[in-house]
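Heads up, the thing below is written out as structure tokens.
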Amino acid sequence: MMPSSTIESVSPTPVKSGAAGSAKFPGSESRKYNYFEPKGRKASHYEDMTVDVQPDPERYLLQDWIISFPDGTPTYSKDWTAAKSSNWHKFRAVDQEWERTHYQRQSTICGMVQNTIENGRKSGASKRFDRAWIKILEDHLGAYKHAEFGLGTSTMQAQRYGYTQMVNNAILTNASYKLRFAQDLTLYLSEIGLDIEGFNNEAGKKHWLEDPIWQPTRRSVESIMGSNDYLEQYFATNVVFEPLVGELFRSGFIMQVAASQNDFITPAVVSAAEADYERNLANTVELFHLLAEDEQYGTHNIGLFNSWLHKHADLALDAAHHLQPIWSQPRVKIASFADALAQAKNRIRGIATEIQLTVPASLAV
Amino acid sequence: MSALTLNKITAQKGITIAEAASRVADLGWTPSYVQEAMTFPTDYKISKTPRDPMKQVLRSYFPMQEEKDNRVYGALDAALRGDMFRNVEPRWVEWMKLFLAIIPFPEISAARSMAMVARLAPGEELRTGMTMQMVDEFRHSTIQMNLKKWYMENYIDPAGFDITEAAFGRCYATTIGRQFAEGFLTGDAITAANVYLTVVAETAFTNTLFVAMPSEAARNGDYALPTVFLSVQSDESRHIGNGHSMLMAMINDPSNHQLLERDLKYAFWQNHAIVDAAIGTFIEYGTTNRDKNKESYAELWHRWIYEDYYRTYMLPLEKYGIKIHHDDVAAAWDRIVKKNYVHKTAQFFSVGWSLNFWRIEAQTEKDFEWFEHKYPGWYSEFGDYWKWYAKLSKPGETNIVFNADVGYVYPHRCWSCMVPCLIREEFCCDEVDGKMYTYCSEQCRWTHKVAFAAEYEGRATPAMGRFSGRREWEECYHGWDIADAIKDLGFVRPDGKTLTPQPHLRFEEKDMWTLDDVRGHVLGSPLRSFRALSPAERDVAVAEYRKGFTINPCN
């Protein structure tokens with residue numbers, strides 16, 4: 001015979017555990033951030049870490065911004081760029097960086113660069129550098145590090161102004177990469193300077209400030225730093241300066257020429273910046289492509305970007321041409337400026353096409 | 001013979017840390033072709049070059065941070081393998097829905113604010129420190145979003161975590177965190193990014209936020225919060241250094257003293273009003289640990305704010321001729337130990353539970369005993385309230401915020417710190433630009449009317465920010481039925497009817513409140529009603545408000 005006590009009469013055990021799944025009730029299975037539309041089918045980890053952390057009245061600020069600048073400008077304003085968007089919240093960084101991936105990548109680069117320098121120095125490599133090449137490193141790589149620093153400070157400034165977290169974080173990581181690379185070059189030159197008798201660590205800055213070869217580059221960088229439009233800063237850095245001057249000097253000269261001067265260290269140090277740029281460029285193209293495609297403001301934006309392209313391409317092209325004498329300075333000449341410039345122009349044309357821009361005649365083959 | 005070590009084999013001559021820092025600082029130059037972009041203005045003068053006390057370079061910074069991250073993420077994995085959530089106290093984790101909804105925005109605001117100060121000071125030395133702080137704050141913001149996601153995936157009740165950033169922008173409690181964050185990056189660049197952020201918030205109040213609170217988490221079986229937040233706090237020493245260095249670059253110029261005194265006063269009081277309200281509540285009311293030997297929030301405050309910040313950081317500023325706001329420090333202390341500021345905040349958060357997005361459990365006899373031990377007199381003021389709260393936690397009861405039997409009187413909102421005016425005897429009001437506003441204290445009245453203005457003590461302050469927006473949350477839903485307001489806020493679970501917040505920790509559907517259980521009561525704006533009064537009526541209303549209220553006995 002069944003006992004009188006049935007299952008129904010036993011009172012349920014009160015929930016003792018705080019673990020997922022230990023009780024079922026409305027909402028107990030709602031285990032995803034549900035307040036934004038992911039770009040793909042499912043939200044990426046980057047999106048979960050990033051989207052909507054910087055709020056705005058369109059997305060959740062019930063009470064609007066609660067502090068303003070004295071002229072009434074709110075904490076974040078769409079007017080801080082001349083570009084317009086019907087949805088600033090749509091952009092997602094292609095490199096999907098959040099803190100963990102950023103530190104992992106930066107740290108890996110730091111390790112790679114330091115190992116290369118340490119091992120190179122241990123083997124006495126820098127003492128075997130060609131004398132003319134050492135002077136190029138002192139004068140020109142030493143000058144170029146300031147360009148990287150200028151772009152780093154410019155993007156550091158720019159990351160304050162974007163209307164969404166996704167835009168600002170992409171610019172922030174760009175600044176972080178640039179500032180690291182500027183320091184990489186500085187410390188690298190200082191360290192090989194310990195092994196090379198009479199190495200002049202001061203020459204780079206002097207050339208940056210005074211050498212006619214570098215003055216148009218400095219003007220180009222200062223024009224980016226001097227822009228009051230944060231997206232113009234971001235655009236001019238990655239769409240214009242990097243392909244026409246940055247890559248031209250890094251890939252078109254240093255990376256190609258160094259080995260022939262008995263230098264295997266410098267290309268490894270500089271290579272990190274090339275990889276950084278690929279990521280920064282991907283983010284930049286994604287953002288400006290989105291703005292160019294905007295149904296409401298696309299035409300306005302393309303006109304604006306074309307004006308930025310013309311303005312900064314003129315400056316950058318002038319900078320590039322003035323760098324030409326550097327290609328003649330190595331004792332062993334294996335790369336030509338003309339080829340490097342053609343490559344740079346080809347690169348910027350490709351980028352411009354992706355954003356639907358009209359390439360200025362000066363950038364034609 | 002000395003022992004052979006790997007270091008001896010591999011070591012080679014390098015550059016010194018000082019030399020590396022100095023070479024890196026020399027990367028900057030003064031532009032001559034084009035002026036640097038307009039930065040955010042300040043009324044301060046900075047003519048002295050600030051020094052970087054840390055002298056760290058990025059190539060040692062990034063690996064160091066990666067190592068810190070590895071420890072954090074390893075510990076999170078270990079917590080799951082050790083079944084942490086089986087033993088965690090839900091009372092505690094529920095409050096993390098509020099805390100972690102607020103904190104990532106202030107963190108990323110601090111990253112943005114580095115852009116505001118980095119160009120203000122002459123020289124480049126401190127720029128490296130500020131670059132690291134910028135990346136640190138990016139770290140903090142996203143590592144906290146990750147922690148929150150981790151709670152959402154593994155804790156018994158994910159509702160509230162799942163709507164987190166949307167909830168942050170709307171909730172009547174998170175609104176106080178908004179003031180904290182926007183204050184870091186709006187208005188005078190030095191006021192915001194240096195004094196409010198680094199000199200006061202980070203130097204003084206991150207200790208209660210990121211050190212004291214994690215200890216309480218651990219007492220409640222939550223090892224994840226200490227893991228993440230003590231790692232976050234390890235970055236704060238750099239930020240404190242940045243702040244102090246910039247402060248020292250300005251302090252020798254007597255023309256800055258007036259503004260510094262204004263900003264130190266404003267920043268201290270706001271941090272007290274906001275951080276002590278929130279963190280005090282989490283620590284005292286989010287815990288189940290009632291060990292009488294542990295420090296109360298008041299004792300923690302004395303250690304971290306009074307001894308560590310006020311006595312060892314602020315007082316030495318007097319030798320530079322800065323007048324320190326001693327009275328405000330004493331007043332803040334009195335508000336915590338004599339005027340029950342934290343307890344009144346917890347009472348406010350709980351009375352409005354149905355407009356939150358987390359669960360708040362009633363305090364029990366065990367809690368009462370601890371509170372009375374630590375805060376003598378607590379029971380007579382708050383005991384009956386929490387008994388009412390427990391009694392009214394069942395669906396079908398009248399929502400406590402509208403229940404006339406209880407005796408609670410819903411407070412005015414402070415226009416300055418945005419915490420309600422909870423210490424009734426300190427309530428005050430004033431007109432600014434022809435409009436009447438309410439404040440929790442004289443210091444908050446001064447902040448709005450005197451500090452955030454175009455002129456300070458006869459001196460033009462064209463860079464100073466202004467208060468804006470709909471700062472009284474209650475006004476946003478004036479005249480709404482509370483059920484409609486909750487729906488509009490989005491604080492409803494996926495079934496479309498069960499509330500995200502609950503006034504208990506019972507995890508069964510039958511115990512959970514729905515929209516139907518709260519419908520039929522209308523929300524109102526105390527400020528709107530206050531403004532409608534004649535001057536004479538207003539005086540009476542102020543006097544009445546200052547008398548406070550008495551909770552009716554709960555039998």
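Sequence lines set the chain letters: A, B, ... in the order given, protein chains first and strands last, and positions in each chain run from 1.
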| Are any non-hydrogen side-chain atoms of B:Phe62 and A:Arg105 less than 4.5 angstrom apart? | no
| query | With only heavy atoms counted, which part of A:Tyr76 is less than 4.5 Å from chain B, the side chain, the backbone, both or neither? | reply | side chain
| field | Results of side chain to side chain contact (heavy atoms under 4.5 Å, CB included) for B:Glu475 - residues two or more places apart only | value | B:Arg470, B:Glu472, B:Ser525, B:Arg528
| Do the side-chain N and O atoms of A:Gln106 and B:Tyr61 include a donor-acceptor pair separated by under 3.5 angstrom? | no
| said: Is it the case that the ring center of A:Phe69 lies less than 6.0 angstrom away from the ring center of B:Phe40? | reply: yes
| message | So for B:Tyr477, is it side chain, backbone, both, or neither that comes closer than 4.5 Å to the heavy atoms of chain A? | response | side chain
| query | What part of B:Pro462 lies closer than 4.5 angstrom to a heavy atom of chain A: side chain, backbone, both or neither? | reply | backbone
| task | Can you tell which part of A:Thr153 gets under 4.5 Å to a heavy atom of chain B, answering side chain, backbone, both or neither? | result | both
| task | Among B:Asp495, B:Asp157, B:Asp83, B:Asn146, single out the residue with the greatest number of heavy-atom pairs under 4.5 Å to chain A. | result | B:Asn146
| Closest contact, heavy atoms only, A:Ser176 versus B:Val135 | OG-CG2, 3.8 Å
| request: Look at the aromatic rings of A:Phe25 and B:Phe507 and report parallel, tilted or perpendicular, splitting at 30° and 60°. | output: tilted
| request: Would you indicate whether the side-chain heavy atoms of B:Asp136 and A:Glu99 approach each other to under 4.5 Å? | output: no
| Test salt bridge (Lys or Arg N to Asp or Glu O under 4.0 Å) applied to A:Glu232 - qualifying residues, sequence neighbours left out | A:Lys311
| Rounded distance (nearest 0.5 Å) linking atom CD of B:Glu508 with atom NZ of A:Lys24 | 14.0 Å
| task | Please flag which part of B:Ala463 lies under 4.5 Å from any non-hydrogen atom of chain A: side chain, backbone, both or neither. | result | backbone
| query | Any side-chain donor paired with an acceptor under 3.5 Å for B:Arg23 and A:Ser190? | reply | yes
| B:Thr131 side, atom OG1; A:Gln183 side, atom CD - distance, nearest 0.5 Å | 7.5 Å
| task | Measure B:Arg119 against the heavy atoms of chain A and call it side chain, backbone, both or neither at under 4.5 Å. | result | side chain
| message | What part of B:Met130 gets within 4.5 angstrom of chain A, counting heavy atoms only: side chain, backbone, both, or neither? | response | both
| field | Selection from B:Glu153, B:Gln35, B:Met84 maximising heavy-atom pairs under 4.5 Å formed with chain A | value | B:Glu153
| request: Kindly indicate whether the side chain of A:Leu61, heavy atoms from C-beta on, has any atom under 4.5 Å from the side chain of B:Arg178. | output: yes
| message | Between B:Asp162 and A:Arg31 (salt bridge meaning N to carboxylate O under 4.0 Å), is one present in this structure? | response | no
| request: Would you indicate whether the side-chain heavy atoms of A:Tyr46 and B:Thr142 approach each other to under 4.5 Å? | output: no
| query | Do A:Arg218 and B:Ser32 get their side chains close enough for a donor-acceptor pair, meaning under 3.5 Å? | reply | yes
| query | What option among B:Pro158, B:Gly169, B:Pro90 has the most heavy-atom pairs under 4.5 Å with chain A? | reply | B:Pro158
| Heavy-atom distance under 4.5 Å to chain B: side chain of A:Asn201, backbone, both or neither? | side chain
| field | Sequence neighbours excluded, every pair satisfying salt bridge (Lys or Arg N to Asp or Glu O under 4.0 Å) that has a member inside residues 160-188 of chain A | value | A:Glu148-A:Lys178, A:Lys178-A:Glu242, A:Arg180-A:Asp184, A:Arg180-A:Asp276
| Rounded to the nearest 0.5 Å, how far does CD of A:Gln165 lie from CE of B:Met145? | 8.5 Å
| task | Against chain B, label A:Leu194 side chain, backbone, both or neither, depending on which of its atoms sit under 4.5 Å from a heavy atom there. | result | side chain
| task | Side chain from CB out, backbone as N, CA, C, O: work out which of these in A:Leu185 comes under 4.5 Å of a heavy atom of chain B, or both, or neither. | result | neither
| message | Which atoms of B:Thr498 are under 4.5 Å from chain A, going by heavy atoms: the side chain, the backbone, both sets, or neither? | response | side chain
| task | Could you tell me which portion of A:Lys122 (side chain, backbone, both or neither) has an atom closer than 4.5 angstrom to a non-hydrogen atom of chain B? | result | both
| Which bit of B:Ile108 is near chain A, if near means a heavy-atom gap under 4.5 Å: side chain, backbone, both or neither? | side chain
| field | Partner chain B: residue of A:Leu187, A:Asp56, A:Asp64, A:Asp52 with the largest heavy-atom pair count (under 4.5 Å) | value | A:Leu187
| message | Less than 4.0 angstrom from a charged side-chain N to a carboxylate O is my criterion; do A:Asp48 and B:Lys149 meet it? | response | yes
| Can you say whether B:Asn154 sits under 4.5 Å from chain A via the side chain, the backbone, both, or neither, judging by heavy atoms? | backbone
| Going through the checks in order, is the side chain to side chain donor-acceptor pair (under 3.5 Å) test met by B:Thr175 and A:Gln63? | CA-CA 8 Å; B:Thr175 183; A:Gln63 296 169 263; 2.9 Å; yes
| task | Answer with side chain, backbone, both or neither: which region of B:Phe161 has an atom nearer than 4.5 Å to a non-hydrogen atom of chain A? | result | backbone
| task | Assess whether side chain to side chain contact (heavy atoms under 4.5 Å, CB included) is satisfied between A:Asn169 and B:Phe138, documenting all intermediate values. | result | CA-CA 8 Å; A:Asn169 280 6; B:Phe138 169 65; 3.5 Å; yes
| request: Anything in residues 219-226 of chain A with a heavy-atom distance to chain B below 4.5 Å? Please list those residues in order. | output: A:Arg219, A:Val221, A:Glu222, A:Ser223, A:Met225, A:Gly226
| Going through the distances and angles, do A:Tyr33 and B:Glu165 end up as a side chain to side chain donor-acceptor pair (under 3.5 Å)? | CA-CA 9 Å; A:Tyr33 290 154; B:Glu165 294 306 298; over 6 Å; no
| What do the steps show when you test A:Glu118 against B:Arg59 for salt bridge (charged side-chain N to carboxylate O under 4.0 Å, His left out), and what is the final call? | CA-CA 14 Å; A:Glu118 276 173 26; B:Arg59 80 173 178 192; over 6 Å; no
| message | I'd like to know which of B:Gly14, B:Ala115, B:Gly469 tops the heavy-atom pair count under 4.5 Å against chain A. | response | B:Ala115
| field | Which of B:Ser60, B:Gly28, B:Gly490 touches chain A most, by non-hydrogen pairs under 4.5 Å | value | B:Gly28
| query | Taking B:Ser141, B:Gly187, B:Ala20, B:Gly465 one by one, which has the highest count of heavy-atom pairs under 4.5 Å against chain A? | reply | B:Gly187
| remark: When the 4.5 angstrom heavy-atom criterion is applied to A:Tyr161 and chain B, the contacting part is side chain
| Under a 4.5 Å heavy-atom cut-off, does chain B meet the side chain of A:Ser227, its backbone, both or neither? | backbone
| request: Give me the ring orientation class for B:Phe105 and A:Trp65: parallel if the planes are under 30° apart, tilted from 30 to 60°, perpendicular past 60°. | output: tilted
| message | Parallel, tilted or perpendicular: which one describes the rings of A:Trp208 and B:Trp29, with boundaries at 30° and 60°? | response | perpendicular
| For B:Lys510, is it the side chain, the backbone, both or neither that has a heavy atom under 4.5 Å from a heavy atom of chain A? | neither
| said: Minimum heavy-atom separation for B:Arg493 and A:Gly27, please, with both atom names. | reply: NH1-CA, 4.2 Å
